[in-house]
Protein chains: 2
Amino acid sequence: MKAEELANLLAEHSLFADCDEAELSDLILRGHFVQYKKGDELIMQGDPGNSLLILLSGNARTSMIASNGHEVVLDYAEPGQVLGEIALLDGGDRTASVTAIEPTSALSITRAAFEEILSTHKNMALRLLKVMASRIRMANNMIEGDRAYTSGPRLARYLLRLSVVGAEEGRLKLDLSQSELGNFAGMSREHINRQLSSWSESQIVAVESGKVRILDHAMLSHIAEADS
Amino acid sequence: MKAEELANLLAEHSLFADCDEAELSDLILRGHFVQYKKGDELIMQGDPGNSLLILLSGNARTSMIASNGHEVVLDYAEPGQVLGEIALLDGGDRTASVTAIEPTSALSITRAAFEEILSTHKNMALRLLKVMASRIRMANNMIEGDRAYTSGPRLARYLLRLSVVGAEEGRLKLDLSQSELGNFAGMSREHINRQLSSWSESQIVAVESGKVRILDHAMLSHIAEADS
DNA sequence: TACCAAATGTGACTATTGTCACACGCACGC
DNA sequence: GCGTGCGTGTGACAATAGTCACATTTGGTA
């Protein structure tokens with residue numbers, strides 16, 4: 001793939017939109033392009049963390065398996081998202097796996113290259129700081145939601161998180177199976193099913209051929225803040 | 001307070017231990033010293049985030065109140081800890097409050113000063129990145145624990161998190177009331193009480209005059225990884 | 001010391017959610 | 001067309017943890 005194309009892919013998405021040309025070309029020069037099939041692991045829990053990925057296309061799921069086998073989905077990553085910074089920065093092992101849920105490509109950057117880029121381009125550090133700040137905010141939000149609310153409001157929150165902002169017809173960014181939704185929202189598949197059925201009756205969501213569509217965004221937001 | 005004393009306080013703790021003198025004096029020059037009584041709020045949920053704090057002495061609790069009134073304790077901060085970076089970096093409002101749980105002092109740094117320091121001392125950004133990386137790791141760990149485990153292992157985890165590494169007699173860093181422990185571990189006060197009583201019978205912990213002491217650290221660690 | 005407020009201990013009951021079991025339907029490949 | 005498998009729908013039941021109510025203890029202080 002040509003440098004220009006990579007540059008375009010990078011610049012299209014969030015974090016790197018306001019990079020100058022030197023930064024982009026440095027990223028591309030020092031990184032290398034990697035491709036994954038659906039189901040491949042971009043990052044594996046337990047491995048040492050010696051590189052960082054920038055998702056260029058496709059979609060991936062960040063999840064961890066607890067010592068009792070329980071799978072916890074932390075996030076779904078879109079193109080433009082940085083993955084694996086944590087282990088790279090603190091030198092620890094990867095605490096979560098990242099799995100491609102569709103054909104996916106990314107730019108991989110080694111620790112050495114990363115450090116060079118950070119020291120050459122001062123603005124990169126600040127940009128990364130901002131990304132990480134919003135990630136902490138999101139994580140705290142998850143903790144709050146998981147703790148403070150019962151399953152209904154919680155599922156509402158996770159559905160809203162999956163909903164596209166410019167919501168064409170309320171479709172979600174990702175069509176997750178009910179089991180996957182369960183791992184994301186922290187409830188059993190059966191419970192997800194019952195909750196969706198109930199909302200489907202009240203015209204809050206529609207479930208058509210396995211795909212969830214949000215019909216009443218306002219109502220769902222209201223449920224997400226509900227007392228119980 | 002004199003600059004030297006501040007410098008000593010800063011250097012005593014984690015993050016700033018390896019700052020050079022110029023960095024330390026810059027922090028002290030541009031920041032200002034603030035003191036709080038027990039119960040004071042260093043940071044208030046909902047406020048705009050225009051400053052960052054470095055805890056110098058005392059102890060503080062980071063917590064958020066959900067829209068349904070439920071209080072969630074995210075962390076307890078020790079001297080040396082940076083507080084309030086998130087809102088400062090991403091420009092959003094404070095999503096959590098920080099409350100002094102004993103007389104506490106801190107160095108307060110405005111956004112302008114913070115930006116100057118970051119651009120003057122390149123290493124500061126990298127240091128901050130590392131701090132934030134470990135914070136994300138901890139948050140993900142909380143999410144995993146809250147999701148994957150039942151109350152027993154969860155309480156074990158939070159007790160371990162409060163336990164001093166050099167454990168003199170298994171005392172905790174903080175003597176929390178059972179209600180506070182409940183807000184921290186995400187369970188009701190009564191449930192905490194029952195769980196502690198049960199562990200007390202099995203000699204895993206001791207509860208003396210309201211204070212928890214870990215007797216069998218290994219056993220508690222084992223419980224923290226348990227299947228249910 | 002004696003009082004008060006706050007923190008703790010404990011029983012009975014309830015609510016929420018998970019688990020198990022099994023039926024159904026739909027898509028895909030042989 | 002017909003299995004085979006995966007995702008889904010749903011009932012019955014079990015388990016975990018919360019709530020409520022109240023007794024008891026403790027610690028601080030007038």
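Keep in mind that the numbers below use all heavy atoms, side chains included, and drop hydrogens, waters and symmetry copies. Throughout, protein chains are lettered first and strands after them, A, B, ... in sequence-line order, and every chain is numbered starting at 1.
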Applying ring pair (Phe, Tyr, Trp, His ring centres under 6.0 Å), name anything that partners B/F114, two or more places apart in sequence or on another chain.
none
By side-chain contact (heavy atoms from CB on, under 4.5 Å) - contacts of [X] (at least two apart):
X: A/S51; answer: A/R94, A/S108
X: A/D146; answer: A/R154, A/Y158, B/I143, B/R147
X: B/S197; answer: B/N193
X: A/K130; answer: A/L126

From NZ of B/K211 over to C1' of C/dT8, roughly how many Å is that when rounded to an integer?
13 Å
Determine: side-chain N/O of [X] to OP1/OP2 of [N], distance under 4.0 Å, yes or no.
X: A/N193; N: D/dG9; value: yes
X: A/S197; N: D/dG9; value: no
X: B/Q178; N: C/dA6; value: no
X: A/S188; N: C/dT19; value: no

Where along nucleotides 20-30 of chain D does protein come under 4.0 Å, by heavy atom, of base (B) or sugar-phosphate alone (S), with - for untouched nucleotides?
B------S---
Under the side chain to side chain donor-acceptor pair (under 3.5 Å) rule, collect the residues that match up with B/S134, sequence neighbours excluded.
none
Residues forming a side chain to side chain donor-acceptor pair (under 3.5 Å) with A/N50, sequence neighbours excluded
A/R111
Axis deviation across the helix from C/dT1-D/dA30 to C/dC30-D/dG1, five-pair ends, to the nearest 10°:
30°
Is B/R135 salt-bridged to A/D90, going by a charged N under 4.0 Å from an acidic O?
no
